Amino acid sequence: MPEIAEIARAVHFLRLHLVGKRIASAEAIDDANVFGKVGTTGAAVAAALQGKKVVSSGSQGKYFWITLDKPPHLVMHFGMTGWMHIRNDKTAYTNYYKKMEDSEYTVWPPKFWKFKLTTEDNPAVEVAFTDARRFGRVRLVDCPGEDIRKHTPLVENGPDPVVDKDRFTEEYLRGKMKSRHVPVKALLLDQAMISGIGNWVADETLFHAKMHPEQYCDDFSDAEIKTLYENICYVCDLAVDKLGDSDEFPDHWLFKYRWGKGDKNSPSTLPNGEKLAFITVGGRTSCYAPGVQKKTGRVSGNAKTEPLVKEESGDEKAQPAKKAGKSAAKAVKAVKTEVKEAATAKSKRSNSAASETSKSKKAKLEPTSDDTGRRRSGRLRK
């Protein structure tokens, strides 16, 4: 999913090619997901664009917009696979083009387009919004252009670490972390807390901050929170500065080595030899370096962890078994462990119950004396 840096890239190209130009024609298909789920239609979007001049383009986290000389304005979200294409220019980031066929580069309008427009210029600028999986959203916001961030959906989202330096401060982050009790990875992904941080940016930030993704956000020291804040700014600023071009990211970044899960031909270590592992936190797979990102406090107990395979000199060795066999072995081992634990717990409960029963019987059968000095059975005391 495009995150803060990729959105900044899209806005860069919109400012470069579209802002300041008047739209001669616009067309949109009627997609019930991309348009319909945010209360508009393709026809309404095309009508809003037709004949208007593009005044500005901006972003907040994973949202971006173009404001027109008259409302309504377009606010967009790429979802999983959305993008803005400009004819005769490669606007997308590296990984986007890796998924395309060579024949798709020159096709116009591009495959999976949802709306497209052409400017009055000569030569004209042609722009198209595409989305293969249709998780993207294009909505119309009827307000003055300068007030667009005061309206849904932008107003409900947290500050952008790059755009909102005055709002996203160390004090802001500390307050949010101390007031919540969720894994720190889940907090970073919450767009109501911080706009624009997605899966890879969160993992990159936590790697540089040396924080375990599973640890609760309210269990870090002030010094650790300061380190996290500095690394959020570092990762986001640099990624945006490079316009999301991963080829330009530093070689020591986790990003360069995180994509090989399940691929035996991909590296499973960092250049310095640190092993990589994966853990599911908050429903998302997190890549981290266990040797660097140590737990320093309480952690969530419901995360799914993929065990780290150690060197031959370690306690765990690489297993030559097939993938299916390994998975089955893990499942059987887990079941056996659960059965063993259940049997142990049952045995303890049985022993405890037997002990209590014995004590109870002894107490009931113990003879007692009444006030007259006669002996009677303990069963009749009450």
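Predicted, not measured: the structure shown is a model, and the values here were computed from it. FYI, side chains are in, hydrogens and waters are out, and symmetry mates aren't considered; it's all heavy atoms of this structure. Numbers for residues simply follow the sequence, beginning at 1.
- In the hydrophobic clustering, L154 connects to Y63, W65, V75, V141, I148, either directly or through intervening members, whenever side-chain heavy atoms lie under 4.5 Å apart.
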Inset, instruction - Take D31 and F115, measure what side chain to side chain contact (heavy atoms under 4.5 Å, CB included) needs, and give me the verdict at the end. - result: CA-CA 10 Å; D31 191 299; F115 77 81; over 6 Å; no
Legend entry - Criterion salt bridge (Lys or Arg N to Asp or Glu O under 4.0 Å) on D247 and K242, from CA distance to verdict: CA-CA 9 Å; D247 289 344; K242 300 299 182 183; over 6 Å; no
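- Under the 3.5 Å distance criterion, with hydrogens and angles disregarded, a donor-acceptor pair is assigned to the side chains of T81 and D131.
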Inset, instruction - Show the numbers, then the answer: is there a salt bridge (Lys or Arg N to Asp or Glu O under 4.0 Å) between K52 and D69? - result: CA-CA 6 Å; K52 303 290 179 56; D69 53 357; 5.5 Å; no
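- Between H17 and the choices N88, D89, D121, the side-chain hydrogen bond (donor to acceptor under 3.5 Å, both in side chains) rule is met once, by D89.
- Residues meeting the salt bridge (Lys or Arg N to Asp or Glu O under 4.0 Å) test with E126, sequence neighbours left out: R87.
- Each of I4, V240, I194 was evaluated against D160; a single residue qualifies, I4, per the side chain to side chain contact (heavy atoms under 4.5 Å, CB included) test.
- Open room surrounds NZ on K53; 12 or fewer heavy atoms of other groups in view lie less than 6.0 Å from it.
- Residues T130 and H85 bring a donor and an acceptor atom of their side chains to less than 3.5 Å of each other.
- Side-chain atoms of K185 and N199 include a donor-acceptor pair closer than 3.5 Å.
- In this structure, CD in E248 is found 10.0 Å from CG in D241, a value given to the nearest 0.5 Å.
- Applying the side-chain hydrogen bond (donor to acceptor under 3.5 Å, both in side chains) test to N33 and every residue at least two apart in sequence or in another chain returns nothing.
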Inset, instruction - Begin with the C-alpha distance, continue with both residues' side-chain angles, and end with the deciding distance and a verdict on side chain to side chain contact (heavy atoms under 4.5 Å, CB included) for K114 and V138. - result: CA-CA 9 Å; K114 303 303 174 184; V138 178; 5.8 Å; no
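- Side-chain polar atoms of R149 and Q60 form a donor-acceptor pair below 3.5 angstrom.
- In this structure, OH in Y229 is found 12.5 Å from OG1 in T205, a value given to the nearest 0.5 Å.
- Looking at E224 and T296, their side chains do bring a donor and an acceptor atom within 3.5 Å of each other.
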Inset, instruction - Let me see the working for D218 and R180 under salt bridge (Lys or Arg N to Asp or Glu O under 4.0 Å), right down to the final yes or no. - result: CA-CA 6 Å; D218 58 342; R180 302 284 301 279; over 6 Å; no
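- Both tests hold for K116 against W113: distance to the six-membered ring centre under 6.0 Å, angle to the ring axis within 45°.
- When atom types are taken as modelled, the side chain of H77 and the backbone of R137 share no donor-acceptor pair closer than 3.5 angstrom.
- Taking CZ of R9 as the reference point, atom CH2 of W83 lies at 6.5 Å (rounded to 0.5 Å).
- Shortest non-hydrogen contact noted between A26 and L49 is CB-CB, 3.7 Å.
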